[in-house]
Amino acid sequence: MGDTNLWGPATGVGSLPGGDAREAAKTVTGSFEDFPFLAELPARGPGADMIGRTIGMLVDLYAHVEPSGWRISDRPGRDTKRARSWLGEDLDALEEFTQGYEGPLKVQAVGPWTLAAALELRGGEAALGDAGACRDLAGSLAEGLRAHLAELRKRVPGARPVLQLDEPSLTAVLRGHVRTASGYRTHRAVDRQVVESALREVMAVHDGPVVVHSCAPDVPFALLRRAGAAGISFDFSLLTERDEEPIGEAVEAGTRLFAGVVPSTDTALSDPGGSVMGVRTLWRRLGLNPGTLAESVVVTPSCGLAGASPAYARAALAHCVRAARSLADNPE
């Protein structure tokens, strides 16, 4: 994994503000010449949100929107069709702005456990409470992602796809903190082996690198590495001392850290060097070689930018690129 052109120095997490696919593709490809990504625009409505978009990719599994969220249906309805049509629009726009591009290109989808925590079965409870439903969901997601990656390769032949699985609910699933529909109880914690094997099954559909993203605290670094993640994307500001040892082990094993150091909602941005100061400090504390910093770290915003103003979102993406350059130029 020492091949630096598997990854660019900086990229985005996934979501952007607004609803114009061409504008988003233009912003992304203009900001990240070395590592663009397929933007998600949740402001368009249900089906453009990360859960709805991923449901649109599932094979032989359908869902529709209820007031409580997404719920399993018997056949594809309006909501699923809308999700697919928006994804098609986004791919069209990306294809237009990546003519002749060669290099890493990231696409995002919700991972099996966050999906199981969010998707309701017919009775209104999350699929998470039903082991069989979780297995079916992981299998359907794997098939859908295989098709999605094939489509991406067809549209951008020079791209080397990087698959990002969004798993913000993963820690809650492992700890038994996901609430039931009534809100009075929580679903039982899912066994770590079961969690790991479903993640491994979904990651196995891609022969390129897979990154797992979570902007929740206590990201399970070791579990994700065992499941096959080549990169782990997280909100750098949420790290605690407890995370340091697993991060050190991850870096030494060649795992790429997608360090979310640039705030994802409007704020005054410090100088780019200041944004990555924490990363340099962590390296020193872990006794890692500063020379490996630039090849071990990809700089990103702390989470998706859907809640930002369009002007701030553009500034934040440009800031990620400058911060990555500062890391490469002055690792100490």
Side-chain angles (χ1 to χ4, degrees), residues 1-2 7 9-11 13 111 113-114 117 164-178 186 189-193 195-196 199 210-265 267-304 316 319-320 323-324 326-328 330-332:
M1 260 175 286
W7 322 87
T11 191
V13 171
W113 295 106
T114 297
Q164 174 181 309
L165 296 176
D166 291 319
E167 280 285 16
S169 305
L170 187 59
T171 302
V173 166
L174 288 164
R175 295 196 174 163
H177 291 171
V178 177
T186 53
V190 181
D191 178 80
R192 294 183 85 83
Q193 248 89 32
V195 167
E196 194 182 313
L199 283 166
V210 180
V211 180
V212 179
H213 167 74
S214 169
C215 42
D218 299 320
V219 174
F221 287 93
L223 181 148
L224 293 174
R225 274 177 47 219
R226 283 198 307 272
I232 300 171
S233 165
F234 55 96
D235 179 342
F236 194 83
S237 69
L238 296 178
L239 291 183
T240 64
E241 261 173 57
R242 237 199 344 261
D243 296 311
E244 294 191 1
E245 199 178 324
I247 284 184
E249 286 167 3
V251 170
E252 286 177 337
T255 307
R256 203 59 55 114
L257 301 181
F258 283 59
V261 294
V262 177
S264 53
T265 47
T267 184
L269 290 168
S270 68
D271 69 300
S275 297
V276 285
M277 199 158 62
V279 181
R280 290 195 187 95
T281 308
L282 174 65
W283 237 245
R284 266 201 303 277
R285 267 210 308 276
L286 293 172
L288 294 165
N289 169 8
T292 63
L293 249 177
E295 65 189 48
S296 299
V297 173
V298 176
V299 176
T300 72
S302 58
C303 209
H319 193 83
C320 288
S326 152
L327 209 49
N330 318 300
E332 304 281 357

Given side chains that start at C-beta, do those of [X] and [Y] come closer than 4.5 Å, heavy atoms only?
{"X": "Leu288", "Y": "Glu252", "result": "yes"}
{"X": "Ser296", "Y": "Val251", "result": "yes"}
{"X": "Leu223", "Y": "Leu174", "result": "yes"}
{"X": "Cys303", "Y": "His213", "result": "yes"}
{"X": "Asp243", "Y": "Val219", "result": "no"}

What distance separates [X] [atom1] from [Y] [atom2], expressed to the nearest 0.5 Å?
{"X": "Ile232", "Y": "Leu224", "atom1": "CD1", "atom2": "CG", "result": "5.0 Å"}
{"X": "Leu238", "Y": "Ser302", "atom1": "CG", "atom2": "OG", "result": "8.0 Å"}
{"X": "Asp166", "Y": "Ser233", "atom1": "CG", "atom2": "OG", "result": "8.0 Å"}
{"X": "Leu257", "Y": "Phe236", "atom1": "CG", "atom2": "CZ", "result": "8.5 Å"}
{"X": "Ile247", "Y": "Arg242", "atom1": "CD1", "atom2": "CZ", "result": "12.0 Å"}
{"X": "Thr240", "Y": "Asp218", "atom1": "OG1", "atom2": "CG", "result": "6.0 Å"}

Any side-chain to backbone donor/acceptor pair from [X] onto [Y]? Under 3.5 Å, distance only.
{"X": "Arg225", "Y": "Pro220", "value": "no"}
{"X": "Gln164", "Y": "Val13", "value": "yes"}
{"X": "Arg280", "Y": "Asn330", "value": "yes"}
{"X": "Ser169", "Y": "Ala117", "value": "no"}
{"X": "Thr292", "Y": "Asn289", "value": "yes"}
{"X": "Trp113", "Y": "Glu167", "value": "no"}

Just jot down the ring pair (Phe, Tyr, Trp, His ring centres under 6.0 Å) partners of Phe221, sequence neighbours excluded, or say none.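 Applying ring pair (Phe, Tyr, Trp, His ring centres under 6.0 Å) to Phe221 gives Phe234.
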What are the two closest heavy atoms between Gly231 and Thr255, and how far apart are they? CA-CG2, 4.0 Å
Heavy-atom closest pair (Cys320 atom, Val299 atom, distance to 0.1 Å) is O-CG1, 3.7 Å
Please collect all ring-ring contact (aromatic ring centres under 6.0 Å, His included) contacts where either partner lies in residues 239-265, sequence neighbours excluded, each pair once.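 As it turns out, the ring-ring contact (aromatic ring centres under 6.0 Å, His included) pairs with a partner in residues 239-265, which skip direct neighbours, are Trp7-Phe258.
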Checking side-chain contact (heavy atoms from CB on, under 4.5 Å) for the pair Ser214/Leu170: CA distance, chi angles, key distance, verdict? CA-CA 8 Å; Ser214 169; Leu170 187 59; 5.8 Å; no
Does CD in Glu249 sit with more than 12 non-hydrogen atoms of other residues, nucleotides or ligands closer than 6.0 Å?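 Yes.
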